[in-house]
Each structure stands twice: as C-alpha cells, then as structure tokens.
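First up is the structure itself, then whatever we jot down about it.
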Amino acid sequence: MPEPRIRHSTVLCGDSILIVGGKNSRDCKDNLSSVLSYDIKKNECQQLPALPYPVSAMATVKWAENVVIIGGADKDDKALNNVIIYNIKTGNSHMLPPMLHDRKGCMAVVSENTIVVLGGKDERGNHLKSVEGFNFERFSWEELPEMKEARYQATAVVI
C-alpha cells in the first residue's frame, strides 16, 4: 500500500479488495479519506476517488456495485451516524439517510434488502447493545431488537 493504515475497513469485490479510510497513526487527526483497490491477481494497488470526508473505525458492506460506509470516527474521534454509498466502478459517492445512533467500531451485514448495523461505541464512549436496520425499499432506518451484550469492534458474517 502507498501508506500504512489502521482502523480501516475492507470489502472483497471480485478479484479486488477495496481498502477504505482508516488512519495512518493512532491519532484521529490522521484519519484518511482515501480508497484503494488491491488487485489480488496482479498484486497491484490502485488509488480510487476519495470519500467525501476522512473517517476511521467504520463498518462497510458490499451492496450490488457499491460499498456502504457506515458510522465511524471523525478527525476529533467523535462517533458518526453518517452513511456513504460509494460506487466501486465510478468512484462516485453520496450520502444515505443518517443512522438513528452515532456509532464507531460497529459491525454490519446485509440481509436481503436490509443493512443491519450492530453495536459499536456512541458519542459518550458507551459500548452499545443497540441494533438498527436500513431497508433499501423503504429507504429508512428502523430500530431492531438489541443484542444481549454490548459489542465494540466485533465482526459479523452472514452465511
């Protein structure tokens, strides 16, 4: 990669891995807005158009030809409720409706037409049990039943 980074997110897209945001030190003032595409077969890394703002500790999911960037921490380490949809082919991005809760270090999965976002840490530093879902058909967020235990920086996989 052109620079070291931590607290970034990755998504597998065919033969490439999209590497999104993160930071190049422990300080959130060093958050990155860059997006890289690593071609697994060619062993090459290519810079793509940047995100609209620098972000770290966010969740990402693949949605059709897009990557959805969910929550995260801004340059002041403040938890965000922002949601960006980033087109893998064009590099264009736009904002989706904001989540109901600010979250950094959250996890997300796609289930049918819904992105489910779980846990994370809120703006006051509390670990979250809350779960919310974005339904693409209704184009809105809704509260879902909370988890039994709070989770921060966990991983979720749908099989």
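The structure presented is a predicted model; accordingly, all values stated were derived computationally and were not measured.
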As an exercise, state the distance from [atom1] of [X] to [atom2] of [Y], rounded to the nearest 0.5 Å.
X	Y	atom1	atom2	result
Cys45	Asp39	SG	CG	10.0 Å
Asn82	Met99	CG	CE	8.0 Å
Arg103	Ile70	CZ	CD1	10.0 Å
Ile115	Phe134	CD1	CZ	7.0 Å
Cys106	Asp122	SG	CG	12.0 Å
Asn31	Lys75	CG	NZ	6.0 Å

Ionic contact status for [Y] with [X], cut-off 4.0 Å:
X	Y	answer
Lys29	Asp76	yes
Lys104	Glu123	no
Lys23	Asp30	no

Is the shortest heavy-atom distance from the side chain of [X] to the side chain of [Y] under 4.5 Å?
X	Y	value
Ile85	His94	yes
Thr155	Met107	no
Ile17	Ile40	yes
Ile84	Met95	yes
Cys28	Ser56	yes
Lys62	Leu18	no
Lys41	Asp15	yes
Val116	Leu144	yes

Ser34 vs Arg5, side-chain hydrogen bond (donor to acceptor under 3.5 Å, both in side chains): CA-CA, chis, key distance, verdict: CA-CA 10 Å; Ser34 59; Arg5 63 177 68 202; 2.7 Å; yes
Ignoring hydrogens, what is the shortest heavy-atom contact between [X] and [Y]? Give both atom names and the distance.
X	Y	result
Lys129	Glu149	CG-C, 3.8 Å
Gly21	Leu51	N-CD1, 4.3 Å
Leu36	Pro2	CD1-CD, 3.7 Å
Ser25	Ile6	O-CD1, 3.4 Å

Please tell me whether [X] and [Y] are part of a single hydrophobic cluster in this structure, the criterion being side-chain heavy atoms less than 4.5 Å apart.
X	Y	answer
Val20	Leu32	no
Leu118	Tyr152	no
Val110	Val68	yes
Met58	Leu80	yes
Ile19	Leu12	yes

Is it the case that the side chain of [X] and the backbone of [Y] share a donor-acceptor pair, with hydrogens and angles ignored and the cut-off at 3.5 Å?
X	Y	result
Tyr86	Pro49	yes
Glu132	Leu100	yes
Trp141	Pro97	yes
Asp74	Lys78	yes

Sole residue of Ile88, Asn92, Asn87 in side chain to side chain contact (heavy atoms under 4.5 Å, CB included) with Asn66: Asn87
Within 6.0 Å of CD in Glu112, more than 12 heavy atoms from elsewhere: no
